[in-house]
Amino acid sequence: MQNLSRRFSTVPIHKLLPQQLHQHQPQPTRFFIPFSEYQQKRKLLEHKLISDLDVCANLSQVKEVHAHLLRHGLSQCCYVLTKLVRTLTKLGVPVDAYPRLVFLQVKYPNPFLWTAMIRGYTVQGPISEALNFYTCMRSAGTGPVSFTFSALFKACGDVLDVNLGRQIHAQTILVGGFAADLYVGNTMIDMYVKCGFLDCGRKVFDEMPDRDVVSWTELIVAYTKIGDMGSARELFEGLPVKDMVAWTAMVTGYAQNARPRDALDCFERMQGAGVGTDEITLVGLISACAQLGASKYANWVRDIAEKSGFGPTENVLVGSALIDMYSKCGSLDEAYKVFQGMKERNVFSYSSMILGFAMHGRANAAIELFHEMLTTEIRPNRVTFIGVLTACSHAGMVDQGRQLFATMEKYYNVVPSADHYTCMVDLLGRAGRLEEALELVETMPIAAHGGVWGALLGACRIHGNPDIAQIAANHLFELEPDSIGNYVMLSNIYASAGRWADVSRVRKMMKEKGLKKNPAYSWVETKKGVIHEFCAGETNHPEYAEIKKALDDLLNRLQAHGYQPNLNSAAYDLGIEERKRILMSHSEKLALAYALLSTDSGSTIKIMKNIRICEDCHVFMCGASQVAGREIVVRDNMRFHHFSNGKCSCGNFW
DNA sequence: GTAGGGTTAG
């Protein structure tokens, strides 16, 4: 066996070119074969070997074909050997071993055989060896084929090496004609986009003589990923023939960019265009419905899934997405029904269900399900641990949470991320161990992000610790200078501690930065599925008089049960009566009163909020669930609160 | 050989 490395040049292509090009013009590939009986027989044999290779399921079968091939004197037949190399790499045989030996026995490899080797190295690595083969192929005077470049671009995209990609791009132009090839162009766009050079991808697209729906979709997706839905849309509208993948890219793009309405509109247009729907389209659509959080859409999309033949029972992808959606729409029971009905479950199904339980304050159910999962073959991933740690933290299970955290890397090979540290800080913080939580943040081996400090700040609110709150807030002001919530939180913590001078200081900071409080909104769905929006302090609802009356009635009954307004939940510098009035105009209270008027007495009231529920409203909801005898579910921007018989599922920690 | 996909914490 010859030593390959000595025969092959190791000079990088940019040094070989362009001089090398002039020395070795690519030889034209010969397609014409003189016809004869011998040729005919040989051709039949080649075809037989190829189809034998097609059905090979393991290495020994391939070896048999190889032996057969050698017996018939086809050791130089590039056509069959190319197939042999492809089959071997497809079966996962290291290209550096057996395929390389096969290749070395060929005196004059044709471009396809070279490319099969290059492709093998681009898939299995190292990419340097793929490039080495390319260089040698060129030095041997062999002209590449378009697939050679596609394989190389794919490899560059996978390892995010744009410099290499650019060198190969230059090659496609130098070697001649390949830059204009459709497949080469498409993989080139993909490479640039993956490496984060969208503009270069766009330039390739703009200069391509032939484009197909794949070229368009690649760019559309790239725009949706960076959040530029305007450019995505513009391209999409110009796309002459829109197929299912292209439509799906738009639907999913809107969903991923928090524009659920547009996602739904786009889907309806897609249906109007007579384009079919598959599981991937449904996932995007379901995610949009989850964001809308209304049961009307939840039922609508489930119906579509069933009718398209991708029901949750059969399809694990759709099933998992539906679990998440129902959880986010406040229908935990429905989520669990979907979960139980699924024939096949995977780590997504389990994690979504565990997160659903955790989000709704059902800590024990979440932890039980986690243990049930461990009895299966399915291994937990990073998201599963987020779910189960969140559950522990809401149930105050400090020791169990610590134990889980300690085992995640050891037994499950999941390295704790800043997000997992967020859960741990939350766990310790909620349990009142603020110093320990602070110590954990200060000693964690990776950088703390806003989430970690935010968890600490939230714990300081629960336990009224303005000093540690100040430390956390200072970090947050650095990390997230424009995030209004942190200022509001710190100001509230000072207000609860009666430190009015500090409250003024924080307010001044907000003013200087030009930050304004987000207006508070609540939404409630009537029995007809119409969604009503309420803004704090708003009096212009058409049924405002009735709402006000219902709210006053409720207030009177609650006061008879001992409810007293929590005045700390309103601005400190107003009079007591004014503060009481403001508290009563909070949007979730208006929404609750309207729901009492407009829904059936036995049904659960569901209210969605855009900001965190205040303490006064929380107490108010607890009481209301008792005196009105209703189940109330409130989704704020953090989690779900289930109010029933005067108690909340969050255990008054939120 | 090329394009669309799910769960994430304050």
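In what follows, chains are A, B, ... by sequence order, proteins preceding strands, each numbered from 1.
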For [X], enumerate each residue passing the salt bridge (charged side-chain N to carboxylate O under 4.0 Å, His left out) test, keeping only those at least two apart in sequence or located in another chain.
X: Glu279(A); value: none
X: Glu237(A); value: Arg233(A), Arg269(A)
X: Asp333(A); value: none
X: Lys225(A); value: none

What's [X] touching, base or sugar-phosphate or nothing? Going by heavy atoms closer than 4.0 Å.
X: Asn346(A); answer: base
X: Asp419(A); answer: base
X: Gly284(A); answer: nothing
X: Thr252(A); answer: sugar-phosphate
X: Val425(A); answer: nothing
X: Ser215(A); answer: nothing
X: Ser146(A); answer: base
X: Gly387(A); answer: nothing
X: Leu355(A); answer: sugar-phosphate
X: Leu476(A); answer: base
X: Arg119(A); answer: nothing
X: Val283(A); answer: sugar-phosphate
X: Glu480(A); answer: base

- Task: Give the first and the last nucleotide of DNA chain B, reading 5' to 3', that has any atom under 4.0 Å from a heavy atom of chain A.
- Result: dG1(B) to dG10(B)

- Query: For DNA chain B, what residues of residues 331-341 of chain A have any heavy atom nearer than 4.0 Å?
  - Reply: none

- Message: Using a 4.0 Å cut-off on heavy atoms, which residues in residues 238-250 of chain A reach DNA chain B? List them by number, or say none.
- Response: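 Nucleic-acid contacts, sorted: Asp243(A), Met244(A), Val245(A), Thr248(A).
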
- Have a look at Tyr192(A) and tell me which of Arg202(A), His169(A), Lys203(A) forms a side-chain hydrogen bond (donor to acceptor under 3.5 Å, both in side chains) with it. His169(A)

- Give the ring-plane orientation class for Phe357(A) versus Tyr336(A), where under 30° counts as parallel, over 60° as perpendicular and anything between as tilted.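 Rings of Phe357(A) and Tyr336(A): tilted, 30 to 60°.
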
- Message: Given the ring of Phe147(A), does Arg119(A) sit roughly above its face, with NZ or CZ under 6.0 Å from the centre of the six-membered ring and within 45° of the axis?
- Response: no

- Residue pairs involving residues 241-258 of chain A (criterion side-chain hydrogen bond (donor to acceptor under 3.5 Å, both in side chains); sequence neighbours excluded): Thr248(A)-Thr281(A)

Side-chain donor-acceptor contacts of residues 365-373 of chain A below 3.5 Å, not counting sequence neighbours, with atom names and distances?
unit_1, atom_1, unit_2, atom_2, d
His371(A), ND1, Ile367(A), O, 3.2
Glu372(A), OE2, Tyr350(A), OH, 3.4

- Query: Residues two or more places apart in sequence or in another chain: which of them pass side-chain hydrogen bond (donor to acceptor under 3.5 Å, both in side chains) with Tyr421(A)?
  - Reply: none

- With sequence neighbours excluded, residues passing side-chain hydrogen bond (donor to acceptor under 3.5 Å, both in side chains) with Glu436(A): Arg402(A)

- Task: Only pairs at least two apart or in different chains count here, so list each salt bridge (Lys or Arg N to Asp or Glu O under 4.0 Å) that has a residue in residues 311-322 of chain A.
- Result: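 As it turns out, the salt bridge (Lys or Arg N to Asp or Glu O under 4.0 Å) pairs with a partner in residues 311-322 of chain A, which skip direct neighbours, are Glu314(A)-Lys343(A).
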
